[in-house]
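Read through the structure below, which is laid out as structure tokens, and then see the notes.
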2 protein chains.
Amino acid sequence: MAQTAREAAIPALAEVFREHGYEGASLALLGARAGLGKGSLYHAFPGGKAEMAQAVLDAIETWFETRIYAPLRDEPDPRAAIRRMLSETETYFRSGGRACLVGAFALTEGRDRFAERIARYFAAWCEALARALRRDGWAEAEAADLAEEAVSAIQGGLVLARALGDPAAFGRMLARLRARLIPGEAAEPGG
Amino acid sequence: MAQTAREAAIPALAEVFREHGYEGASLALLGARAGLGKGSLYHAFPGGKAEMAQAVLDAIETWFETRIYAPLRDEPDPRAAIRRMLSETETYFRSGGRACLVGAFALTEGRDRFAERIARYFAAWCEALARALRRDGWAEAEAADLAEEAVSAIQGGLVLARALGDPAAFGRMLARLRARLIPGEAAEPGG
DNA sequence: CACACCTTGTACCGATCGGTACAAGCGGCA
DNA sequence: TGCCGCTTGTACCGATCGGTACAAGGTGTG
């Protein structure tokens with residue numbers, strides 16, 4: 001089944017884009033990591049590299065929508081949703097060992113190519129988190145401001161963790177964020 | 001004078017690396033932006049693209065050391081130094097319209113090539129800011145934590161501003177940062 | 001004016017880029 | 001067994017990659 005082969009390849013493709021950026025991800029790398037020859041790659045993704053990137057962005061968008069944004073919007077207990085966001089984020093980014101593909105695309109020229117998707121990814125995150133904060137009792141303006149700060153902080157934490165070669169920097173950032181998003185709850189004495 | 005031609009080219013080269021990343025910056029782009037043919041480029045930078053990137057990183061390191069890190073460490077009034085850091089940062093990153101080259105390198109494979117320089121850039125910033133905070137009355141641990149948070153936040157603000165196509169997001173982040181680094185000072189009613 | 005030297009444009013190198021064409025190989029099905 | 005169609009490896013395309021070689025052009029000095 002083509003659908004299966006395609007979807008099976010996406011995580012591998014995502015890692016290559018994540019580590020090398022859009023331009024740096026060559027078909028040779030993509031094929032090797034996915035375990036597919038050029039023929040199979042182009043059979044699964046007739047649109048070539050651009051379609052691979054689109055598919056990867058689709059998958060990421062879906063993952064975040066399902067696991068993070070939707071709970072933030074709909075979970076009856078907003079604090080639980082925020083806690084979940086923090087722990088899912090920590091897992092997803094492998095505690096700082098993994099970069100954010102969307103963030104990496106945003107910084108380099110990949111931005112022009114995928115500007116809409118990139119903007120949507122971050123805007124959706126901000127809006128979903130702001131809604132959760134609103135439901136948790138924050139005023140409209142404070143909720144929006146705090147949400148933007150949180151999403152921005154996560155990106156900054158990833159940059160810094162990678163730059164310093166110190167994934168723990170990401171964990172420290174998440175701990176600070178927890179204290180700010182859910183004040184009054186005792187933070188775990190960090191690992 | 002070779003020295004002058006070399007140094008005159010560096011800002012142009014920096015912009016290309018900034019917008020395209022290390023791999024995405026081709027010699028054609030670099031030469032065109034710098035207004036130099038291939039011959040001149042290799043005359044000024046015999047080591048090729050790698051030496052150009054090194055020279056650009058050198059220049060950035062020097063700029064930040066002079067304009068930001070040194071004042072943070074030595075300026076008698078630490079609050080003035082912090083205020084200066086914020087305004088210099090805002091200017092340097094063109095109020096969010098300009099990405100951070102070092103951050104962009106950190107996210108993609110450029111990291112492996114320049115890992116040491118990248119780590120030093122961020123570590124020096126964190127340490128200098130922590131020292132200023134310490135001199136402003138913060139306890140050792142809080143100063144270090146707050147400094148890391150600030151440097152991380154600046155990177156996050158740049159990513160978000162570029163991702164959303166909304167440079168103002170960077171300004172909002174700087175305003176939040178000012179309130180946290182220099183509590184009690186009235187913030188400008190944002191522009 | 002002539003010489004020497006620094007600078008630069010240009011042609012060229014092998015490698016690799018993203019992408020295409022296509023034929024051999026392989027499965028299911030009768 | 002023979003057939004058919006999906007899948008895939010491989011050869012190949014023009015373009016561009018980073019880098020080198022070198023000769024023409026410009027400049028300062030005598």
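The figures here come from the full heavy-atom set of this structure, side chains too, leaving out hydrogens, waters and symmetry mates. In what follows, chains carry the letters A, B, and so on, assigned in the order in which the sequence lines appear, proteins first and then strands, with residues in each chain numbered from 1. Being a predicted model, the structure only gives us computed values, none of them experimental.
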Integer-rounded Å distance: [N] [atom2] and [X] [atom1]:
X: B:Leu41; N: D:dT20; atom1: CG; atom2: P; answer: 13 Å
X: A:His20; N: C:dT16; atom1: NE2; atom2: P; answer: 15 Å
X: B:Leu29; N: D:dA15; atom1: CG; atom2: C1'; answer: 15 Å
X: B:Leu27; N: C:dG9; atom1: CG; atom2: C1'; answer: 15 Å
X: B:Glu23; N: C:dC17; atom1: CD; atom2: C1'; answer: 12 Å
X: B:Arg6; N: C:dT7; atom1: CZ; atom2: P; answer: 13 Å

| request: Counting heavy atoms from C-beta on, name the nucleotide in D:dC17, D:dG9, C:dC12 closest to the side chain of B:Lys38. | output: C:dC12
| field | Among D:dT20, D:dC17, D:dT8, the nucleotide that comes nearest once only the side chain of B:Tyr42 is considered | value | D:dT20
| task | Just call it for B:Ala50: base, sugar-phosphate, or nothing, with non-hydrogen atoms closer than 4.0 Å on any strand. | result | nothing
| field | Phosphate OP1/OP2 of C:dT7 contacted by B:Ser40 side-chain N/O (<4.0 Å) | value | no
| Is any side-chain N or O of A:His43 closer than 4.0 Å to OP1 or OP2 of D:dT8? | no
| task | Determine, step by step, whether B:Glu65 and B:Arg73 satisfy the salt bridge (charged side-chain N to carboxylate O under 4.0 Å, His left out) criterion, reporting the C-alpha distance in whole Å, the side-chain angles of both residues, the deciding distance to 0.1 Å, and the verdict. | result | CA-CA 10 Å; B:Glu65 173 60 33; B:Arg73 284 192 295 259; 2.2 Å; yes
| said: If you assign each of B:Leu36 and A:Lys49 to its closest nucleotide in DNA chain C, which residue comes earlier from the 5' end? | reply: B:Leu36
| field | A:Arg172, CZ atom: more than 12 neighbouring heavy atoms under 6.0 Å | value | yes
| So does B:Arg176 have more than 12 non-hydrogen atoms from other groups sitting under 6.0 Å from CZ? | yes
| Lys/Arg N to Asp/Glu carboxylate O, B:Arg6 vs B:Glu51, below 4.0 Å | yes
